[in-house]
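Scope of the values below: all heavy atoms of this structure, side chains included, with no hydrogens, waters or symmetry mates. Residues take their numbers from the sequence shown, with the count starting at 1.
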Amino acid sequence: MSSSPTQSSAPEPTGVRRRAVLGAAAAAPVLAGLAGAGSASAASADRPRRRPRALPGGGDLGPNVVVFDPSTANIQGRLDEIFRQQESAQFGTGRYALLFKPGTYNGLNAQLGFYTSIAGLGLSPDDTTINGDVTVDAGWFDGNATQNFWRSAENLALVPVNGTNRWAVSQAAPFRRMHIRGGLNLAPDGYGWASGGYIADSRIDGQVGPYSQQQWYTRDSSVGGWLNAVWNMVFSGVEGAPAQSFPDPPYTTLDTTPVSREKPFLYLDGEEYRVFLPEKRTDARGVSWGNGTPRGTSLPLSRFYVARPGVPAATLNQALEEGLNLLLTPGIYHLDGTVEVKRANAVVLGLGYATLIPDNGVTALKVADVDGVRLAGFLVDAGPVNSTTLLEVGPQGASRDHSANPTTVQDVFIRIGGAGPGKATTSMVINSRHTIVDHTWVWRADHGDGVGWETNRADYGVVVNGDDVLATGLFVEHFNKYDVRWNGQRGRTVFFQNEKAYDAPDQAAIQNGSVKGYAAYKVGDHVTEHEGWGLGSYCYYNVNPSIVQHHGFAAPNRSGVRFHGLLVVSLGGNGQYECVINDTGAPTSGTSTVPSTVVSYP
């Protein structure tokens with residue numbers, strides 16, 4: 001997302017146009033020295049090389065995890081200090097997790113900037129109450145919220161000072177396990193542009209007002225009301241959600257979410273840190289913590305290797321091989337090799353937008369074809385040497401049944417360019433069956449450093465080869481070819497948001513054989529079963545506004561491949577769509593920035 005000059009300065013809510021712990025944790029494995037004189041081979045024969053020293057679990061969470069309790073002095077001052085540093089640091093290196101111990105806090109306004117997460121440390125959101133606000137606004141960008149990325153709120157109860165909390169975000173800004181004892185405003189002050197967003201497992205007692213938000217996905221929650229819609233509002237398993245009415249107003253509403261398992265989270269059991277692992281729910285509706293205590297299991301921090309920036313991939317892999325899970329404390333991790341998750345039920349949990357950068361073209365992280373791996377809460381940033389892939393869930397050809405205990409990928413974000421040169425042929429590959437991708441933003445940058453059609457080349461965003469994969473909250477933008485390519489059988493997507501790459505130089509650059517442009521979402525020709533709800537694709541070819549995109553969506557025309565609530569939008573007439581899906585749907589028109597919709601297909 002980026003700002004475009006096509007939107008009026010005072011958009012109306014229903015007609016908005018679009019913008020533009022451990023000191024030793026970082027130590028490398030220690031190998032025993034070779035003692036005595038003589039050749040290395042002789043010494044090795046006499047004294048076999050020892051295994052690396054076992055790594056400890058648990059420990060200190062590091063300087064960028066800031067923990068408060070109700071007696072902490074000058075909490076507001078510390079919050080303000082971090083916000084001043086992070087408010088406009090869109091591509092900066094600061095990373096922070098702000099954690100609040102259970103209790104009651106009065107008179108706070110926690111303003112969140114980039115790469116800042118705020119969370120309560122109770123088992124239930126209501127264990128940690130802030131009489132005050134957790135605020136995201138867009139003053140740093142002149143009231144435009146379309147670049148309010150990479151921040152999060154989790155596991156808190158808020159009693160907003162004026163009755164309504166402001167959360168004006170766009171992509172990669174999850175709002176999870178929150179209880180708002182009042183209303184929630186998703187627009188910036190002045191009702192400027194906004195391009196969000198995601199809510200899960202939350203209860204908002206009052207009304208949610210999206211106002212200028214172009215799209216939003218809400219899952220397994222409860223709301224007191226929902227005010228309006230602009231282009232695409234999707235709900236699954238939400239008590240109080242508006243009724244199905246796409247396209248006027250554009251609400252796509254599912255009574256339940258087919259399968260869900262909430263994100264792991266850190267909490268305090270007395271004075272001991274633990275990580276809670278929520279259980280899987282089928283046909284879920286409403287919050288998972290309705291009776292105060294969520295259902296699931298937990299692990300002590302001693303079962304985690306608490307990583308700090310600077311730790312090599314070999315140490316992370318050693319920790320995993322020794323049976324530890326990974327807790328990535330806030331910061332930037334340069335990886336000289338691939339992190340290999342080979343053990344069933346392993347957890348890789350990031351705090352404060354911990355960021356993995358693969359060096360020398362390696363893949364940042366790979367998961368074996370095993371049950372129940374949980375990946376959550378981190379950012380993968382492509383390096384300057386092209387990586388074939390950045391994240392792989394399951395090896396090629398993975399075929400095991402994981403329906404009882406799927407792997408989950410939650411709040412895992414991928415970026416190519418923006419913070420500097422980056423390249424990757426394919427960003428995220430899902431090969432394991434039954435994987436749940438629950439909220440991701442996979443973004444080839446359209447602004448920042450290291451940006452250009454070939455400079456941050458990335459052909460494919462998300463490629464799904466595994467069968468029975470479910471995506472809930474899929475945001476994928478700006479790739480040189482297909483943004484999403486879905487080859488597995490029985491795939492399902494609930495909510496999709498996309499923009500085609502802004503920077504294509506000419507029609508030839510995006511030509512796909514005889515087709516004008518690569519679809520944003522392509523279902524493989526051999527697929528016999530697939531279903532999607534609430535999917536939108538936008539074009540803003542600002543380098544060459546004459547470019548024509550034939551369609552936003554491409555899929556085999558057969559009865560088992562079904563879509564509900566599709567739309568395409570030309571932003572201010574910078575490029576046009578001829579159709580919505582395949583050869584179906586009206587073309588976009590002129591500079592009107594009005595969606596062309598298809599209610600159901602075929």
(message) For Phe475, run the ring pair (Phe, Tyr, Trp, His ring centres under 6.0 Å) check against Phe495, Phe496, Phe413 and tell me which one passes.
(response)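 When Phe495, Phe496, Phe413 are each tested with Phe475, the ring pair (Phe, Tyr, Trp, His ring centres under 6.0 Å) holds only for Phe495.
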Nearest heavy-atom neighbours spanning [X] and [Y]:
X      : Y      : answer
Gly122 : Thr128 : N-OG1, 3.8 Å
Gly461 : Ser427 : O-CB, 3.2 Å
Phe141 : Gln147 : CZ-NE2, 3.4 Å
Leu474 : Ala471 : CD2-CB, 4.1 Å

(request) Any chance you could lay out the ring pair (Phe, Tyr, Trp, His ring centres under 6.0 Å) test for His447 and Phe91, step after step, and finish with the verdict? (result) CA-CA 10 Å; His447 63 273; Phe91 298 111; 5.8 Å; yes
Sub-3.5 Å donor-acceptor pair from the side chain of [X] to the main-chain atoms of [Y], do we have one?
X      : Y      : value
Ser387 : Val362 : yes
Asp371 : His402 : no
Gln318 : Arg53  : yes
Thr329 : Ala307 : yes
Asp359 : Asp336 : no
Arg177 : Ser288 : no
Lys263 : Thr408 : no
Tyr353 : Gly331 : no
Asn487 : Asn465 : no
Gln86  : Gly94  : yes

Working to the nearest 0.5 angstrom, can you tell me the gap between [X] [atom1] and [Y] [atom2]?
X      : Y      : atom1 : atom2 : value
Leu266 : Phe304 : CG    : CZ    : 8.5 Å
Leu61  : Leu99  : CG    : CG    : 7.5 Å
Lys280 : Ile436 : NZ    : CD1   : 7.5 Å
Asp449 : Asn456 : CG    : CG    : 11.0 Å
Ser117 : Arg176 : OG    : CZ    : 11.5 Å
Leu328 : Tyr333 : CG    : OH    : 5.0 Å

Are the side chains of [X] and [Y] in touch, meaning some heavy atoms are under 4.5 Å apart?
X      : Y      : answer
Asn325 : Leu349 : no
Ile414 : Thr440 : no
Asp401 : Arg433 : yes
Lys101 : Val67  : yes
Val311 : Leu316 : yes
Thr407 : Ser432 : no
Gln410 : Ser260 : no
Ile416 : Phe479 : yes

(request) Could you go through the side chain to side chain contact (heavy atoms under 4.5 Å, CB included) check for His334 and Ile332 one step at a time? (result) CA-CA 7 Å; His334 280 272; Ile332 296 174; 4.2 Å; yes
(message) Let's go through Arg444 and Asp503 carefully: what are the C-alpha distance in whole Å and the side-chain angles of both, what is the deciding distance for side chain to side chain contact (heavy atoms under 4.5 Å, CB included) to 0.1 Å, and is it a yes or a no?
(response) CA-CA 11 Å; Arg444 175 181 168 266; Asp503 54 348; 2.7 Å; yes
(request) Could you label the plane-to-plane angle of the Tyr267 and Phe276 rings as parallel, tilted or perpendicular, counting under 30° as parallel and over 60° as perpendicular? (result)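 Aromatic pair Tyr267/Phe276 classed perpendicular.
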(request) Tell me, with the steps shown, if Thr355 and Arg95 meet side-chain hydrogen bond (donor to acceptor under 3.5 Å, both in side chains). (result) CA-CA 9 Å; Thr355 301; Arg95 303 286 188 273; 3.0 Å; yes
(request) Check Thr389, Thr388, Leu390 against Glu392 for a side-chain contact (heavy atoms from CB on, under 4.5 Å) and give me the one that passes. (result)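 One option only clears the test, and that one is Thr389.
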Taking atom [atom1] of [X] as the centre, report whether more than 12 heavy atoms of other residues, nucleotides or ligands fall under 6.0 Å from it.
X      : atom1 : answer
Arg303 : CZ    : no
Asp80  : CG    : yes
Gln396 : CD    : no

(request) Decide side-chain hydrogen bond (donor to acceptor under 3.5 Å, both in side chains) for Gln215 and Ser195; before the verdict, give the C-alpha distance in whole Å, the side-chain angles of both, and the deciding distance to 0.1 Å. (result) CA-CA 6 Å; Gln215 69 280 312; Ser195 182; 2.9 Å; yes
(request) With side-chain hydrogen bond (donor to acceptor under 3.5 Å, both in side chains) as the test, would you mind laying out the steps for Trp441 and Gln497 before giving the verdict? (result) CA-CA 9 Å; Trp441 185 38; Gln497 186 268 329; 4.9 Å; no
Between [Y] and [X], does any NZ, NE, NH1 or NH2 come within less than 4.0 Å of an OD or OE carboxylate oxygen?
X      : Y      : value
Arg219 : Glu262 : yes
Arg490 : Asp468 : yes
Glu81  : Arg78  : yes
Arg485 : Asp459 : no

(request) May I ask you to establish whether Arg151 and Phe114 are in a cation-pi arrangement, using a distance under 6.0 Å from NZ or CZ to the six-membered ring centre and at most 45° from the ring axis? (result)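 Satisfied, under 6.0 Å and within 45°.
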(request) Would you check, one step at a time, whether the test side chain to side chain contact (heavy atoms under 4.5 Å, CB included) holds for Leu375 with Leu391? (result) CA-CA 11 Å; Leu375 308 179; Leu391 172 66; 4.0 Å; yes
(request) Check step by step if ring pair (Phe, Tyr, Trp, His ring centres under 6.0 Å) holds for Phe68 and Phe100. (result) CA-CA 5 Å; Phe68 303 102; Phe100 286 76; 4.8 Å; yes
(request) Given side-chain hydrogen bond (donor to acceptor under 3.5 Å, both in side chains), test Asn386 with Thr425 step by step and report yes or no. (result) CA-CA 7 Å; Asn386 185 74; Thr425 304; 3.1 Å; yes
(request) Show your reasoning for whether side chain to side chain contact (heavy atoms under 4.5 Å, CB included) applies to Val484 and Asn498. (result) CA-CA 9 Å; Val484 172; Asn498 166 263; over 6 Å; no
